[in-house]
Amino acid sequence: QAQLMESGGGSVQAGGSLRLSCAVSGFTSEGYCLGWFRQVPGKAREGIATITSDGRTNYADFVKGRFTISKDNAEKWSLQMNSLEPEDTSMYYCARARAWGFCPATFAIDSFQYWGQGTQVTVSS
């Protein structure tokens with residue numbers, strides 16, 4: 001059945017780097033917008049970055065210049081995280097957009113249909 005799976009999370013000291021990956025199984029994401037989100041307990045899920053099928057990217061202000069989203073193909077995409085800060089500590093999720101060929105500029109959660117289970121990132125000071 002359809003499934004998204006994140007990998008690459010872990011613990012790192014402030015200023016360090018991690019690379020997260022997302023792999024799709026059971027369905028295709030060809031032509032769909034792909035994204036990364038994060039959520040901490042007690043707070044709403046927030047968008048980090050998205051990438052369209054033709055490679056256009058969009059980033060949240062709080063990660064510009066530090067994080068980079070990329071994709072190998074429609075079934076695998078990544079998030080390179082540099083200069084990590086304690087405030088980046090969160091559960092990170094990958095997701096695929098609901099509508100074919102459309103990528104919301106505002107990282108609307110309800111515009112993404114398929115979600116991974118999350119991978120924990122912990123940044124210590």
Side-chain angles (χ1 to χ4, degrees):
Q1 60 182 25
Q3 186 174 30
L4 277 64
M5 183 64 69
E6 302 91 346
S7 62
S11 298
V12 65
Q13 292 186 336
S17 299
L18 286 173
R19 185 177 181 86
L20 308 182
S21 296
C22 184
V24 174
S25 63
F27 67 103
T28 181
S29 293
E30 184 71 31
Y32 288 86
C33 173
L34 311 171
W36 285 96
F37 298 76
R38 69 186 188 185
Q39 186 174 27
V40 298
K43 300 191 69 176
R45 189 166 299 187
E46 59 182 355
I48 299 170
T50 58
I51 185 167
T52 66
S53 60
D54 60 350
R56 290 173 294 168
T57 59
N58 190 37
Y59 296 93
D61 289 341
F62 62 85
V63 301
K64 285 184 177 178
R66 299 190 298 127
F67 293 7
T68 302
I69 187 172
S70 62
K71 63 175 183 176
D72 294 337
N73 48 55
E75 288 74 47
K76 186 177 181 181
W77 61 103
S78 301
L79 182 70
Q80 178 66 45
M81 304 185 294
N82 299 325
S83 301
L84 285 163
E85 305 167 352
E87 292 75 19
D88 295 317
T89 295
S90 184
M91 185 73 75
Y92 284 71
Y93 301 87
C94 61
R96 195 212 76 178
R98 183 180 302 274
W100 188 92
F102 177 74
C103 197
T106 56
F107 306 103
I109 300 299
D110 58 6
S111 293
F112 290 81
Q113 181 176 13
Y114 297 105
W115 296 84
Q117 291 299 115
T119 184
Q120 180 67 38
V121 171
T122 302
V123 185
S124 60
S125 61

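Only this structure's heavy atoms are used, side chains among them; waters, hydrogens and symmetry mates stay out. Model, not experiment: these values are computed from the prediction.
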Exercise for the section: Decide if atom CD of Gln117 counts as having more than 12 heavy atoms of other residues, nucleotides or ligands within a radius under 6.0 Å. Expected result: no
Fill in the blank from the handout: Looking only at heavy atoms, the pair that brings Arg19 and Ser70 closest together is NH2-OG, 3.5 Å
Handout entry: salt bridge (Lys or Arg N to Asp or Glu O under 4.0 Å) partners for Asp72, two or more places apart
Key = none
Exercise for the section: Verify side-chain contact (heavy atoms from CB on, under 4.5 Å) between Ser53 and Lys71, making sure each step is shown before the conclusion. Expected result: CA-CA 9 Å; Ser53 60; Lys71 63 175 183 176; 4.0 Å; yes
Problem - Straight-line distance of Leu79 CG to Leu34 CG, nearest 0.5 Å - result: 12.5 Å
Practice task
Write down the atom of Gly9, the atom of Val121, and the distance for their closest heavy-atom approach.
Solution key: CA-CG2, 4.2 Å
Exercise for the section: Evaluate side-chain contact (heavy atoms from CB on, under 4.5 Å) for Leu4 paired with Phe27, printing each intermediate quantity in order. Expected result: CA-CA 9 Å; Leu4 277 64; Phe27 67 103; 3.0 Å; yes
Problem - Partner residues of Arg98 under the salt bridge (Lys or Arg N to Asp or Glu O under 4.0 Å) criterion, sequence neighbours left out - result: none
Handout entry: Main-chain N/O of Ala74 paired with Tyr32 side-chain donor or acceptor, under 3.5 Å
Key = no
Handout entry: Under 3.5 Å donor-acceptor, Ser29 side chain and Glu75 backbone
Key = no
Exercise for the section: Just do the side-chain contact (heavy atoms from CB on, under 4.5 Å) check on Met81 and Leu20 with the steps written out, would you? Expected result: CA-CA 8 Å; Met81 304 185 294; Leu20 308 182; 3.7 Å; yes
Handout entry: Residues clustering with Trp115 (ILVMFWY side chains joined when closer than 4.5 Å, directly or via others)
Key = Phe37, Met91, Tyr93, Phe107, Ile109, Phe112
Problem - Spacing of Ser125 atom OG and Gln13 atom CD [to the nearest 0.5 Å] - result: 9.0 Å
Problem - Point-to-point distance, once rounded to the nearest 0.5 Å, from CD of Gln80 to CG of Leu18 - result: 8.5 Å
Handout entry: Interatomic distance, Arg56 atom CZ to Thr50 atom OG1 [nearest 0.5 angstrom]
Key = 9.5 Å
Handout entry: Check: Arg96 side chain, Tyr114 main-chain N or O, donor-acceptor pair, under 3.5 Å
Key = no
Exercise for the section: State plainly whether one hydrophobic cluster holds both Phe62 and Trp36, where clusters connect Ile, Leu, Val, Met, Phe, Trp and Tyr through side-chain heavy atoms under 4.5 angstrom apart. Expected result: yes
Practice task
Nearest 0.5 Å please: distance from the SG atom of Cys33 over to the CD1 atom of Ile51.
Solution key: 9.0 Å
Handout entry: Co-members of the apolar cluster containing Met5 [side chain, <4.5 Å]
Key = none
Handout entry: Phe67 and Leu84, any side-chain heavy atoms less than 4.5 Å apart
Key = yes
Exercise for the section: Quick one: pull up CD in Gln120 and OG in Ser11 and give me the separation to the nearest 0.5 Å. Expected result: 8.0 Å
Practice task
Applying side chain to side chain donor-acceptor pair (under 3.5 Å), name anything that partners Lys64, two or more places apart in sequence or on another chain.
Solution key: Asp61
Exercise for the section: State which residues pass side chain to side chain donor-acceptor pair (under 3.5 Å) with Arg38; sequence neighbours excluded, sorted by chain then number. Expected result: Glu46, Asp88, Tyr92
Handout entry: Closest heavy-atom pair and its distance - Ser17, Asn82
Key = OG-OD1, 2.9 Å
